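As structure tokens, the structure follows; a few thoughts come after it.
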Amino acid sequence: MQQKSIQILKFFFFLLLAFMLLTGCSQKTEEELLAEKIEEEIEFLDSYLISSLNQMNHISLQNYQMKAQEITDSAKQKKTSSDSSGGGEGQSSENETNKNNTTIHYSAQPGDVLVNDQNTNWESTKIEIERLYSSWSSIMMDLYQTNIDKNEISNFNQDLDQLIAYAKSEDKNNTLTYLAKLYQYLPKYAEGTIQNTIKTDLLKTKAEVMNAYAKIEQDNWDGIKNDLTKAEEKFMPIVNNITNENHYNVNKAYVLLKEFQSSVSKMDKDLLYIKYKNLIQELNLIEA
């Protein structure tokens with residue numbers, strides 16, 4: 001009986017020990033949790049800055065994009081009158097719902113470069129940049145808790161202030177330049193917090209592509225060539241370490257990068273925007 005009790009106690013002891021070990025393994029340190037949070041914040045900045053850069057030239061990474069159009073009361077009344085003269089039925093419910101208000105009509109429009117002009121919608125751009133400012137304040141506080149060079153954090157803040165000034169004055173060239181300049185900080189932040197080298201190399205590659213994209217508006221063909229050469233250099237570590245999971249996207253992205261480079265000599269902005277769009281779409285698909 002005593003022997004059986006000892007065996008039962010041993011069993012519960014080992015069960016308790018296993019539970020403690022498993023619990024200990026699942027608990028992450030504050031440093032690890034902070035690193036994960038910053039990685040998510042870098043991914044947010046990556047997506048947000050690229051979207052803001054694309055928006056300035058109405059470039060969408062989707063085949064279709066939603067566009068909003070305001071319909072005023074006078075326009076609705078004209079439509080109602082037209083519908084009434086045509087004897088249409090059931091048209092009153094929509095007009096009654098939106099009576100005395102401005103209606104926002106959304107429609108899906110092709111996201112292709114050749115059917116969209118590159119005139120910047122400054123109202124949308126200013127809104128996006130101001131919202132970036134509010135998001136950056138909390139990200140900045142997290143970055144200050146790491147070993148990242150504090151100058152690289154404060155410099156981002158200064159460049160963001162300058163970006164706001166250029167957007168306010170609707171200076172397209174410099175707004176593009178400073179959005180791309182802000183993107184240059186992301187690989188630096190990633191190197192100080194992220195262990196995944198593929199993610200860091202992807203950010204380095206895209207940073208150079210963003211520089212090239214920003215120069216298209218300026219007709220700076222030599223600058224574009226230099227930036228894309230640097231992008232290829234930053235991308236080569238990924239090419240040389242292809243895995244079974246990402247080999248297709250890596251190879252395709254490399255081909256698209258070379259096509260982008262070879263197209264610069266044609267000095268055709270629309271063509272370069274198409275090449276840029278295709279390349280960024282593929283880089284975003286690479287599994288890191």
Side-chain angles (χ1 to χ4, degrees), residues 44-76 101-140 155-186 206-221 223-224 227 267-281 284:
F44 164 77
L45 290 173
D46 168 29
S47 176
Y48 202 96
L49 289 171
I50 290 177
S51 177
S52 298
L53 279 157
N54 291 345
Q55 179 179 279
M56 292 198 65
N57 288 306
H58 296 286
I59 293 175
S60 173
L61 299 185
Q62 287 75 41
N63 290 330
Y64 285 87
Q65 56 183 329
M66 296 303 295
K67 288 191 175 181
Q69 178 184 12
E70 288 189 358
I71 302 177
T72 61
D73 288 338
S74 58
K76 286 186 289 182
N101 291 306
T102 297
T103 300
I104 305 297
H105 175 69
Y106 293 93
S107 60
Q109 301 291 335
D112 304 278
V113 172
L114 295 180
V115 296
N116 287 294
D117 62 58
Q118 279 85 50
N119 294 320
T120 301
N121 182 331
W122 283 107
E123 181 179 357
S124 297
T125 297
K126 291 172 185 178
I127 290 172
E128 290 300 305
I129 291 174
E130 184 173 343
R131 289 177 179 172
L132 171 62
Y133 195 91
S134 62
S135 298
W136 166 248
S137 60
S138 60
I139 297 173
M140 176 177 61
N155 288 343
F156 185 105
N157 199 57
Q158 293 173 18
D159 287 337
L160 181 54
D161 289 345
Q162 189 62 60
L163 169 64
I164 290 173
Y166 284 128
K168 183 179 178 180
S169 63
E170 300 186 0
D171 183 334
K172 184 173 182 178
N173 283 343
N174 278 313
T175 300
L176 283 165
T177 297
Y178 268 79
L179 279 169
K181 189 174 182 179
L182 290 182
Y183 197 97
Q184 310 306 305
Y185 292 98
L186 303 192
K206 289 197 282 187
E208 299 300 342
V209 174
M210 292 303 112
N211 278 336
Y213 165 79
K215 291 182 175 70
I216 295 175
E217 182 69 18
Q218 306 168 27
D219 297 337
N220 186 351
W221 314 118
I224 297 170
D227 290 333
M267 301 181 186
D268 184 328
K269 288 185 179 180
D270 285 336
L271 177 62
L272 292 179
Y273 284 133
I274 291 172
K275 298 293 184 180
Y276 156 80
K277 174 182 174 179
N278 291 338
L279 174 58
I280 286 298
Q281 284 178 318
N284 286 339

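What you are looking at is a predicted structure, and each value in this text was computed from that prediction instead of being measured.
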Mind checking the [atom1]-[atom2] spacing from [X] to [Y]? Nearest 0.5 Å is all I need.
X	Y	atom1	atom2	value
Y178	I129	OH	CD1	13.0 Å
N54	M210	CG	CE	7.0 Å
L179	N211	CG	CG	11.5 Å
Y276	Q281	OH	CD	10.0 Å
L271	K269	CG	NZ	13.5 Å
I59	I274	CD1	CD1	9.0 Å

*asked:* Test of understanding: with salt bridge (charged side-chain N to carboxylate O under 4.0 Å, His left out), list the residues that count as partners of E130, not counting sequence neighbours.
replied: none

Contact between [X] and [Y] at the side-chain level, heavy atoms closer than 4.5 Å - yes or no?
X	Y	answer
T125	Q55	yes
K206	L186	no
D161	Y133	yes
L132	L45	yes
D227	Y213	no
I50	Y183	yes
W122	T175	yes

_As a quick check of understanding, evaluate side-chain contact (heavy atoms from CB on, under 4.5 Å) for N57 and E217, giving each step before the final call._
CA-CA 9 Å; N57 288 306; E217 182 69 18; 3.9 Å; yes

_Between K172 and N119, is there a side-chain donor-acceptor contact under 3.5 Å, judged purely by atom types and distance?_
no

[X] side chain to [Y] backbone, donor-acceptor under 3.5 Å:
X	Y	result
K277	S60	yes
Q184	A180	yes
Y48	E128	yes
S51	S47	no

_Between D159 and Y185, is the side-chain contact (heavy atoms from CB on, under 4.5 Å) condition met? List the steps._
CA-CA 11 Å; D159 287 337; Y185 292 98; 2.5 Å; yes

*asked:* L176 vs I216, test: side-chain contact (heavy atoms from CB on, under 4.5 Å). Steps then yes/no.
replied: CA-CA 10 Å; L176 283 165; I216 295 175; over 6 Å; no

